[in-house]
Structure formats: structure tokens, C-alpha cells
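Reading through the C-alpha cells given below for one structure.
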Amino acid sequence: NTHLDHISEPARVRGAQVILEVLEGWSPQTPIIILGDFNSSPYRPTSHAAYTPRTFGLFAEAGFMDAYRSVAGIWPPPASFHNYEGERYVPDRYGTWYIDWPLTRNLRVLAAEILRHRSEDAPVSDHYPVEAVVTYTDVA
């Protein structure tokens, strides 16, 4: 689980590189899940950085996939960041705030969902959790 820098794209890229450097010593067949607040969208720019999908690209090049998008098939994905506003939050001109990616490698994703709170409840976080259900083996 990680929390990458919210301002600097070079810092996010370096954070991704550090994670991948740790994993270099692991067997390429090892099932892995990486979760976190990546503070950048793999699909659209955020207001804090120019459009650079490099952070997500590093994980994709290493064989990771976005579990949510792989089963939801929604483009662009809905926002996982909502600034404590819940459903009232309107993403800015930069597009989606899908910044919490469940990344998997060597796992089969069965389901994934962005868990929204009830509209009458006050948000307890500025992000919605993203849940993914995975398995090690093929399931019919």
C-alpha cells in the first residue's frame, strides 16, 4: 500500500520506481496487489500536474493492470477522490479524479467496485475506497 506525492510528478515517478525496484527480486510469477493513493490519474490529467501517465505506465510496463477498469470497463473511470463532498463533488476541468488504483499482477480479478457512502452520511475520507476481489486460480 502506498501514498504517492500529491504535487510532483517526478516524485510520483520515483515512488513507483522504488516500489518496482523492491519487486525486482521477487519471482515474476508471484501474485501481487499494489494499492494506494497514487495522486494521479492513469487516464486523464490532474490539476497538480501536466498530462503525464508515466506513473501508471511504469506499473503497466511491469505487468500490472488496473483491477477496477479490467472488470468495470468504464472509460474514463469515475472519480475515487471527492474532496469530502461525496456525490456533490464535480471534477474540475482536468477530468476524472480516479487516483486510487488497485493494481494486480498474476491474479484473476473477479469483481471491483468504487464504494460510495450513503448520501445522507457525512464522508469519513476525501476518497472512496476501491474494492477488488481476486483469485489465484481460474474460476469458471
Can you confirm if the aromatic rings of Phe81 and Tyr89 lie within a centre distance of less than 6.0 Å? yes
Measure from the ring center of His3 to the ring center of His127 and say whether it is less than 6.0 Å. no
Is Glu9 paired with Arg14 through a side-chain N to carboxylate O contact shorter than 4.0 Å? no
Checking the side chain of [X] only, and the main-chain atoms of [Y] only, is there a donor and an acceptor separated by less than 3.5 Å?
X	Y	result
Arg105	Ala62	yes
Arg12	Asp5	yes
Asp126	Tyr84	no
Asn106	Pro28	yes

Just how far is it from atom [atom1] of [X] to atom [atom2] of [Y], taken to the nearest 0.5 Å?
X	Y	atom1	atom2	value
Thr2	Asn39	OG1	CG	9.5 Å
Tyr128	Ile114	OH	CD1	9.5 Å
Glu87	His117	CD	NE2	7.0 Å
Ile32	Thr104	CD1	OG1	10.0 Å

Describe, in one word, how the ring planes of Tyr68 and Tyr98 are oriented to each other, choosing from parallel (under 30°), tilted (30 to 60°) and perpendicular (over 60°). tilted
Can you tell me how the ring of Trp101 sits relative to the ring of Phe56, calling it parallel under 30°, perpendicular over 60° and tilted otherwise? perpendicular
Are Val124 and Leu115 connected in a single hydrophobic cluster, I mean Ile/Leu/Val/Met/Phe/Trp/Tyr linked by side-chain heavy atoms less than 4.5 Å apart? no
